[in-house]
Amino acid sequence: MLIPHAGLFLAHFNEPPSRNSIYADITTTPEFGQGDDGWVVATVDMDLDVVRTIDGRTWIEDQDEFAEHTSSLGYPADLVTSSRAAATRLLAAVREEAEPFASTWPRWIKQLIV
């Protein structure tokens, strides 16, 4: 999992047998801190997700859930705008295979899984 210091997402990177090579949650800005048991990351999942399957199909998922929660939970307009913009930027980065969505993550997985 990638938890960036800047950016409104958390990205999960997977190898087969997972169907999805990348699954990224659009979130509020992650906040890092220290708790009694070590580092803590706090963020809110905004329902929107960017998904890339192992065969390369890429899309924004759960837009209907985001719209429903925008209404039922009363998301502020600036949060709605920033979440949609983050999803659009992230979708483009994943489709264009901008790093870290190209060769960086497979190298890390290979180092971690021995």
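None of these values were measured; they are calculated from a predicted model. All values below were derived from every heavy atom in this structure, side-chain atoms included, with hydrogens, water molecules and symmetry-related copies excluded. For the single chain, residues carry numbers from 1 onward in sequence order.
Looking at Met46 and Thr28, their side chains come closer than 4.5 Å, going by heavy atoms from C-beta outward. Considering only heavy atoms from C-beta on, Phe9 stays 4.5 Å or farther from Pro30 through its side chain. Proximity of Phe32 to Val40: side-chain heavy atoms (C-beta onward) are nowhere separated by under 4.5 Å.
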Query raised in the report: Which is it for Leu10 and Thr43 under the side-chain contact (heavy atoms from CB on, under 4.5 Å) test, yes or no, and what are the steps along the way?
Result: CA-CA 9 Å; Leu10 305 177; Thr43 189; 3.9 Å; yes
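Side chains of Asn14 and Tyr23: no donor on one and acceptor on the other come within 3.5 Å. No hydrogens or angles considered: nothing links the side chains of Ser18 and Asn20 as a donor-acceptor pair under 3.5 Å.
Sorted pairs that involve residues 22-37 and meet salt bridge (Lys or Arg N to Asp or Glu O under 4.0 Å), not counting sequence neighbours, are lacking altogether.
For Glu68, the salt bridge (Lys or Arg N to Asp or Glu O under 4.0 Å) criterion is met by no residue, not counting sequence neighbours.
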Output a table of donor-acceptor pairs, distance under 3.5 Å, between side-chain atoms of residues 88-96 and any protein atom two or more places apart or on a different chain; print 'none' if there are none.
from  : atom 1 : to    : atom 2 : distance (Å)
Thr88 : OG1    : Arg84 : O      : 3.1
Arg95 : NH2    : Thr58 : O      : 2.9

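Minimum heavy-atom separation, Leu2 to Pro100: CD2-CG, 3.6 Å. The two residues Pro4 and Gly7 make their nearest non-hydrogen contact at CG-O, 4.4 Å. Minimum heavy-atom separation, Ala11 to Phe101: CB-CE2, 4.2 Å. Shown here for Leu8 and Thr29, the closest heavy-atom pair between the two residues is CD2-OG1, 3.2 Å.
Using a 4.5 Å cut-off between side-chain heavy atoms of Ile, Leu, Val, Met, Phe, Trp and Tyr, with links allowed through other members, Val41 and Met1 fall into the same hydrophobic cluster. A continuous path of ILVMFWY side-chain contacts below 4.5 Å connects Ile26 to Phe66, so both sit in one hydrophobic cluster.
With rounding to the nearest 0.5 angstrom, the CD1 atom of Ile22 is 12.5 Å from the CD1 atom of Ile54. Of the inter-residue distances, the one linking Ser83 atom OG with His69 atom NE2 reads 13.0 Å to the nearest 0.5 angstrom. Distance check: Phe13 CZ to Thr104 OG1 gives 8.5 Å after rounding to the nearest 0.5 Å. To the nearest 0.5 angstrom, Trp105 atom CH2 is 6.0 Å from Glu15 atom CD.
Sparse packing is recorded around CH2 of Trp108, with 12 or fewer heavy atoms of other residues, nucleotides or ligands lying under 6.0 Å away.
Gln63 places no side-chain N or O within 3.5 Å of a backbone atom of Leu48 that could act as its donor or acceptor partner. No donor-acceptor pair under 3.5 Å is formed between the side chain of Thr53 and the backbone N or O of Arg19.
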